[in-house]
Amino acid sequence: MPFSDTVPAVATPPAATDEELNPFVIAQRQCDNAARYLPTLEPGLFEFLKRPDKLITVEFPVPTSSGEVRNFVGYRCVHNRVRGPGKGGIRYHPDVTADEVRALASWMTWKCAVVDIPYGGAKGGVICDPAKLSDEDLVHITRRYTAELGDNIGPYTDIPAPDVNTDAHIMAIVYDTYEMMHKGQNNLGVVTGKPVHIGGSLGRHEATSRGGLCVTRRVLELGLLEGVESLEGLTVAIQGFGNVGGIAATLFHEAGAKIVAVSDSRGGIRRPEGLDPAEVHAHKRKTGSVVDMAGSRNCTNEEVLETECDILIPAALENQLRGDNAARVQARLVVELANGPTTPEADAVFRSRGTPVVPDILANAGGVTVSYFEWVQNNKNEQWEEEEVNARLERVMRRATDGVLDKQREVNGSLEALTATRRELGRSGHALEAVDLRTAAFVVAVGRVARVCLDRGIWP
Ligand code: NAD
């Protein structure tokens with residue numbers, strides 16, 4: 001059997017722009033910005049909160065169905081465990097990098113804090129291209145990756161979940177591998193997003209998108225878009241028709257919105273009169289992509305982002321809305337179901353135009369919330385009804401949304417006092433400017449994690 005090294009030396013180059021697109025640098029900038037509004041936060045403590053606790057790199061060979069033994073690199077990062085075990089998905093993608101995993105892990109810490117569930121933040125990834133691997137290869141990669149992580153994951157230490165290109169089946173393999181290594185105890189809680197017949201929670205598959213729907217409805221009820229109180233009749237464009245974006249299309253459509261454009265990695269389709277998500281799902285199941293669907297017009301991914309619509313939902317990958325294209329976005333509201341889709345330069349454009357961006361650490365937190373419900377059910381050997389899961393999810397998402405909007409109002413109502421406190425403490429004397437929803441969410445999250453850290457005390 002020949003050996004070939006499939007580890008790319010560098011990740012795919014970013015889009016042609018001068019902007020900083022390293023997700024970890026961006027995640028740190030978002031944190032730094034929030035810290036300006038927490039003037040009494042001790043700088044040393046803040047430095048600790050910003051940095052990941054650990055990053056594990058594993059390298060392993062897998063005999064693949066092509067007949068070659070190929071070598072793979074995987075990562076698992078625990079950003080912070082102050083509020084509970086690490087929690088975060090596993091991503092299979094050719095562009096996975098250590099810094100992307102660090103960024104995604106840190107966003108998980110802040111996300112769990114925003115929705116106030118007792119987890120810290122973690123994330124994992126394997127550099128591989130699932131489109132070029134068989135299902136059997138992916139099972140072997142998953143088993144070996146899980147075995148290499150060993151006791152770095154566990155039901156009370158670090159709990160993986162699905163992310164880009166991983167699903168319930170892959171989670172079943174993670175569970176089975178861990179179970180083989182730890183027989184004689186209830187290991188169901190080692191991973192969430194499992195199939196329902198193997199300890200998965202009803203409602204988990206839809207939870208990220210359903211949570212995004214709850215948040216969107218709530219911000220509209222609270223008057224975020226002038227003159228709009230509900231989703232009825234609003235037009236929506238969705239980038240990324242995968243787990244999250246595909247289900248979001250169905251749920252937003254059921255809630256009365258019109259889905260006017262969707263895309264996947266092969267391109268997009270548009271229909272100003274509205275697409276039927278069930279038809280798009282059926283076409284994608286048959287052909288592998290949304291493109292070329294009868295009754296719609298093919299378009300580019302950029303055109304989907306720039307489509308005339310009320311709500312734009314990025315649900316694919318990081319850095320899709322940047323300084324070089326944000327001004328062309330016509331949506332009145334951006335709801336981030338992907339992690340990290342908007343760069344700080346794009347945020348500045350949206351702020352200056354008065355386009356609210358509901359940030360990832362709030363908008364897509366429904367997934368980890370129901371993952372937490374799954375873990376509670378696993379630990380109690382229970383199975384909750386789907387209605388109960390959805391009702392609990394809705395309560396959590398509405399409360400978190402209210403918390404972020406309240407914080408935005410509170411911070412923006414005390415800018416002078418916060419600036420004065422900063423000056424008294426000898427921090428930069430620049431007058432603080434009004435915060436957007438992302439910074440408000442970070443202020444909530446960093447404040448919560450810092451408080452637990454201070455109350456627990458720093459060991460020893
Ligand atoms: P997925 O692999 O099921 O879907 C990703 C989709 O994006 C695919 O349809 C893919 O073709 C498409 N895509 C990739 N590049 C694209 C591009 N340049 N333009 C348009 N489409 C593109 O993954 P997913 O689980 O749906 O995750 C999507 C996003 O949501 C990620 O950012 C992920 O981190 C985030 N997220 C996922 C969950 C979850 O529960 N799965 C939870 C929270 C956040």
Side-chain angles (χ1 to χ4, degrees), residues 12 14-15 23 87-96 100-101 103-105 107-108 110-112 114-115 121 123-125 129-131 138 160-171 191-194 200-201 203-212 215 237-249 261-269 280-281 284-285 287-291 299-307 312-322 325 335-342 359-372 374 393 397:
T12 306
K87 186 85 189 83
I90 298 174
R91 176 174 293 195
Y92 288 172
H93 198 276
D95 293 347
V96 164
E100 182 187 55
V101 174
L104 290 163
W107 286 324
M108 285 304 297
W110 311 128
K111 189 182 303 183
C112 292
V114 165
V115 285
K123 200 82 182 190
D129 187 351
L138 292 173
D163 192 68
V164 173
N165 290 324
T166 59
D167 58 12
H169 174 56
I170 297 289
M171 297 307 113
V191 65
T192 59
K194 301 178 291 293
S201 177
R204 172 61 185 90
H205 184 55
E206 301 81 10
T208 305
S209 320
R210 188 176 296 285
V215 171
I238 302 178
Q239 185 203 34
F241 202 81
N243 273 328
V244 173
I247 296 172
V262 298
S263 63
D264 60 29
S265 55
R266 296 202 212 155
I269 51 172
V280 186
H281 279 291
K284 177 147 186 160
R285 261 194 309 275
T287 66
S289 170
V290 299
V291 297
C299 62
T300 64
N301 251 307
E302 282 297 304
E303 284 171 324
V304 169
L305 297 175
E306 296 163 15
T307 291
L312 173 64
I313 301 183
L317 296 167
E318 299 94 62
N319 297 332
Q320 299 303 304
L321 302 171
R322 301 170 304 271
N325 67 355
V335 178
E336 295 184 331
L337 291 192
N339 284 306
T342 311
D360 45 7
I361 60 171
L362 170 64
N364 72 32
V368 73
T369 301
V370 177
S371 275
Y372 167 62
E374 179 174 330
L393 171 66
M397 300 312 294

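In each ligand, atom 1 is the first atom listed, and ligand 1 is the first ligand listed. Sequential numbering from 1 along the given sequence is applied to the chain's residues. Values below: every heavy atom of this structure, side chains too, minus hydrogens, waters and symmetry copies.
Nearest to atom 36 (N) of ligand 1 by heavy atom, out of Leu104, Asn339, Asn301, is Asn339. Across the listed options Gly367, Gly88, Ser265, Ser265 owns the non-hydrogen atom lying nearest to atom 10 (C) of ligand 1. The heavy atom nearest to atom 4 (O) of ligand 1, considering only Gly89, Pro130, Ala315, Gly242, is found in Gly242.
A donor-acceptor contact closer than 3.5 angstrom links the side chains of Arg204 and Ser371. Under the 3.5 Å distance criterion, with hydrogens and angles disregarded, no donor-acceptor pair is assigned to the side chains of Asp167 and Asn243.
Of the possible polar contacts, one joining the Glu336 side chain to the Asp360 backbone as a donor-acceptor pair under 3.5 Å is found.
Pairing each heavy atom of Lys87 with each of Ala161, the nearest pair is NZ-CB, 3.5 Å. Across all their heavy atoms, Thr192 and Met171 have their closest contact at O-CG, 3.4 Å.
Looking at ligand 1, you won't find any N or O of Gly245 less than 3.5 Å from one of its N or O atoms. In terms of polar-atom proximity, defined here as any N/O pair under 3.5 Å, Lys111 makes no such contact with ligand 1. Considering backbone and side-chain atoms alike, Arg91 places an N or O below 3.5 Å from some N or O of ligand 1. For Asn243, a nitrogen or oxygen atom sits less than 3.5 Å from a nitrogen or oxygen atom of ligand 1, counting backbone and side chain alike.
Atom 15 (N) of ligand 1 has its closest protein heavy atom at Leu317 CD1, 3.8 Å. The protein heavy-atom contact nearest to atom 23 (O) of ligand 1 is Val164 CA, 3.5 Å.
Residue Lys284 places a heavy atom less than 4.0 Å from ligand 1.
Two residues are said to be in side-chain contact when any heavy atoms from C-beta on lie closer than 4.5 Å; Ile90 and Val191 fail this criterion.
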